[in-house]
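Single-structure report; data block below.
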Amino acid sequence: MFTNTYSKLPEHFFQRVSPERFSDPRLICFNSQLAEEICKEANNFSQSDLAQIFSGQKILEGSEPLAMAYAGMQFGHMVPQLGDGRAQLLGEISGYDIQLKGSGRTKFSREGDGRSALGPVIREYLVSEAMHALGVPTTRALCAVTTGEKVYRQFGYEPGGIFTRVASSHLRVGTFQYFAIRDDLSGIKTLFNYTLDRHYPELKSLSNDRAKAINMVNNLIERQANLIAQWMSFGFIHGVMNTDNFSVGGITIDYGPCAFMDDFQFDKSFSSIDIRGRYSFDNQVPIAQWNILRFVESILPLIDTNQENAIKIIEKEIIPKLDLFEDKRDQIMARKLGITDYQNEDKKLTKLFLTYLENNKMDFTMAFRNLPLLFNGDDRLYKKSPDLETFLGLWKKRVRKLDDLNQINPIYIPRNHQVQRVIDGAYENQFEKFHEALSVFTQPFKEDPDLKDWSLPPKPEEQIKETFCGT
Ligand code: AMP
Ligand code: MG
């Protein structure tokens with residue numbers, strides 16, 4: 001069933017590991033639809049088999065569990081060694097990494113216990129599947145189990161869980177930085193070729209490393225620019241866009257303190273560790289650009305061994321492409337307003353609308369969802385303001401298409417207070433709400449009057465202002 005191509009790379013790329021023993025692993029949820037796409041046989045396993053396999057108690061043929069080495073710039077500061085401290089890669093199925101999160105310590109665990117509390121397991125399951133349903137490239141959720149053990153966290157003992165994540169790869173900018181900071185040119189080349197195989201096979205026929213590297217970066221810029229634009233179009237704040245959480249395949253990876261915004265605010269951030277708002281909503285574009293440059297730095301010798309030459313090439317062939325991040329963001333926001341023939345001027349219009357939302361503390365998701373009503377003269381759901389009048393005057397002239405907006409602007413997103421409610425239930429061993437939430441969030445565009453509660457922003461007393469990594 002499994003292969004493990006990463007385990008064939010040089011030994012200093014990873015550590016071979018064995019998942020820990022857990023007393024009583026039990027299945028919470030198995031994503032049989034995803035299994036149908038990538039590993040049909042898994043749908044024949046019994047519930048207890050699934051609990052054994054996806055807690056690492058039973059290792060299937062071909063799987064060679066390992067922890068990947070990587071570095072990372074955390075909040076702008078280089079940490080030469082991070083690595084999978086609580087994640088263990090079982091191997092690949094159908095070209096996808098299958099990884100356990102919370103299955104025990106590795107040599108990269110530092111002070112950590114290598115485990116995961118149930119809260120982050122539930123959060124990542126719901127949010128990553130919601131993101132997929134919204135059409136955002138992301139890691140997926142294959143399985144969640146409870147371990148039967150407690151883990152100690154900031155607020156005391158919590159039930160333990162293990163999350164199984166599926167990814168087109170777990171290669172990050174930080175993986176490249178691990179070798180770059182050690183001046184390990186052969187490591188960089190090996191990783192680069194491996195990345196071509198996994199994510200950019202069409203570039204392999206190019207004649208030299210320079211061409212491959214420049215094209216890889218420009219492809220990545222395109223993927224990440226689309227990705228960040230999509231995040232922002234749904235009010236998603238990743239929360240910890242360190243280079244070790246920044247995929248070189250262009251997918252969303254690592255759902256720690258992430259959150260969807262309720263009231264719109266340009267500089268909104270939730271993460272308890274993001275005190276200065278480095279990873280706030282609006283900073284996601286400049287931070288992504290910065291992360292791309294850290295990637296370019298780490299593969300610099302592939303562009304030219306002479307640093308000055310390399311920089312000249314980068315200035316000419318890569319830096320101008322970074323504007324794509326702003327362009328994609330502005331285009332997608334305009335599309336949410338029903339503008340299909342984006343023009344440069346339209347970004348002023350989206351800014352006007354967003355500023356109106358910010359000044360009037362309006363809910364981001366509902367404000368977009370109700371636009372067809374607003375267009376047709378029903379403004380009951382919008383706070384009165386001269387800004388709204390100005391916007392309406394300009395917007396009505398620019399709207400091209402309204403009838404597909406309900407497939408673009410979702411009604412159900414995993415709001416913080418709802419996710420928290422599900423987690424609270426799970427901590428009481430109640431998983432009905434989890435399953436209900438999952439079915440709602442994986443149909444984000446289809447309105448169902450019976451599910452009205454799930455579309456509502458939090459009441460003041462329900463508002464969650466801070467999110468935690470939970471590690
Ligand atoms: P993250 O904030 O989840 O991206 O994790 C940052 C680093 O901390 C990574 O190297 C993780 O593997 C490590 N880490 C996070 N939680 C734990 C834990 N419970 N035990 C060991 N290492 C951890
Ligand atoms: Mg991480």
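Counting starts at 1 for both ligands and their atoms, following the listed order. Quantities reported herein were computed from a predicted structural model and do not represent experimental measurements. Computed from heavy atoms alone, side chains included, the values below leave out hydrogens, waters and symmetry copies.
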Below 4.0 angstrom from a heavy atom of [X], which ligand 1 atoms are there? Numbered from 1 as shown, please.
X	value
D254	3 (O), 4 (O)
N245	4 (O)
R115	19 (N)
G112	20 (N), 21 (C)
R153	19 (N)

Kindly state whether the ring of [X] and the ring of [Y] have centres lying under 6.0 angstrom apart.
X	Y	value
Y412	F445	no
W454	F441	yes
Y6	Y194	yes

Indicate yes or no: at least one non-hydrogen side-chain atom of F246 is less than 4.5 angstrom from one of M73.
no
Close side-chain approach of D244 and V173, heavy atoms under 4.5 Å
no
What I want to know is whether G85 and ligand 1 share at least one N or O pair that is separated by under 3.5 angstrom.
yes
Under 3.5 Å, N or O to N or O, is D84 touching ligand 1 that way?
no
Do any of the N/O/S atoms of N242, backbone or side chain, fall under 2.8 Å from the Mg ion (ligand 2)?
no
Is Y70 touching ligand 1 with its side chain, its backbone, both, or neither, if touching means heavy atoms under 4.0 Å apart?
side chain
Using a 4.0 Å heavy-atom cut-off, say whether L82 meets ligand 1 through its side chain, its backbone, both or neither.
both
Assess [X] for proximity to ligand 1: is some non-hydrogen atom of it under 4.0 Å away?
X	result
G83	yes
G114	yes
V240	no
R172	no

Between R105, R110, M68, Q74, which one has a non-hydrogen atom sitting closest to atom 13 (C) of ligand 1?
R110
Cation-pi, W290 ring and R278 (6.0 angstrom, 45 degrees)
yes
Identity of the N, O or S atom of D254 lying closest to the Mg ion (ligand 2):
OD2
Would you call the rings of Y125 and F434 parallel, tilted or perpendicular, taking 30° and 60° as the class edges?
perpendicular
Please test F468 against F155 for ring pair (Phe, Tyr, Trp, His ring centres under 6.0 Å), starting from the C-alpha separation and ending with a verdict.
CA-CA 11 Å; F468 301 88; F155 303 111; 5.6 Å; yes
Under 4.0 Å between a side-chain nitrogen and a carboxylate oxygen: does that hold for R415 and D363?
yes
Flag the pair D97 and R198 as a salt bridge only when some basic side-chain nitrogen lies within less than 4.0 angstrom of an acidic carboxylate oxygen.
yes
